[in-house]
Amino acid sequence: MNSAPRSICAVGSLLLVLSPLFSGCSYYHVHPGALEPSRAQVAPEERAALWRSAIGALLDQGYVPDVLNEAASFISAKRREDFENDPLAKTLASVYISPDGAVRVEVSGVGYFASEKQFLNAIGERQRLILDLILNRSGGATRPH
């Protein structure tokens, strides 16, 4: 058996493992509740439809729900980790819609970035994107804040 393909694979694997050491990036972490979530307000009667649209919006962004509580209008979803080169692969998104129609989207977890500022900006952008997708899927009038 030819050993050349094995040694090429071994070198490729070693480079993949060592690349974070030379790239200048680090892992950053944000705990749930540490950052201001993205928020909006909808009519209370839109709550159920908005909750259902949130599931699709999360799936579209690569978040797989692991807690779905329709009665509480709450979703917790983990980011798929099989995406290539995804600096937010180890994040969690939660969506809560209160009985009075207050919508809250929060992203937390671990990200791989060149700086903490870039990481926090990416978390904020992801929260806003998910909220926008949820609101646009529902078609309801909203007031983001």
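All figures in this text were calculated on a predicted structure; none of them were measured in a lab.
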Is there a path from [X] to [Y] through hydrophobic residues (I, L, V, M, F, W, Y) whose side chains come within less than 4.5 Å of each other?
{"X": "Leu68", "Y": "Val103", "answer": "yes"}
{"X": "Ile97", "Y": "Leu92", "answer": "no"}
{"X": "Leu59", "Y": "Leu131", "answer": "yes"}
{"X": "Leu35", "Y": "Tyr63", "answer": "yes"}
{"X": "Phe74", "Y": "Val107", "answer": "no"}

Side chain proximity check, [X] to [Y], heavy atoms < 4.5 angstrom:
{"X": "Val42", "Y": "Leu135", "value": "yes"}
{"X": "His29", "Y": "Val110", "value": "yes"}
{"X": "Val95", "Y": "Ile55", "value": "no"}

### Query
Can you check side-chain hydrogen bond (donor to acceptor under 3.5 Å, both in side chains) on Ser115 and Tyr28, steps first, answer last?
CA-CA 8 Å; Ser115 72; Tyr28 294 94; 5.8 Å; no
### Task
For the pair Glu36 and Arg39, find out whether any cationic side-chain nitrogen is under 4.0 Å from an anionic carboxylate oxygen.
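Yes, charged N to carboxylate O under 4.0 Å.
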### Message
Looking at Ala122, is its backbone amide N or carbonyl O close enough to the side chain of Arg126 to form a donor-acceptor pair, meaning the two atoms are under 3.5 Å apart?
### Response
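No; zero donor-acceptor contacts below 3.5 Å.
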### Task
Return the orientation label for the Phe119 and Phe113 ring planes: parallel under 30°, perpendicular over 60°, tilted otherwise.
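Correct class here is tilted.
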### Query
What pairs of residues pass the salt bridge (charged side-chain N to carboxylate O under 4.0 Å, His left out) test when at least one of them lies in residues 95-113, not counting sequence neighbours?
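Listed by first then second residue: Arg104-Glu106.
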### Query
Counting only heavy atoms not in Gln118, do more than 12 sit closer than 6.0 Å to its CD atom?
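More than 12 within 6.0 Å, yes.
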### Message
So which atom in Ala114 and which in Cys25 form the shortest heavy-atom distance, rounded to 0.1 Å?
### Response
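So the minimum-distance heavy-atom pair works out to N-SG, 3.9 Å.
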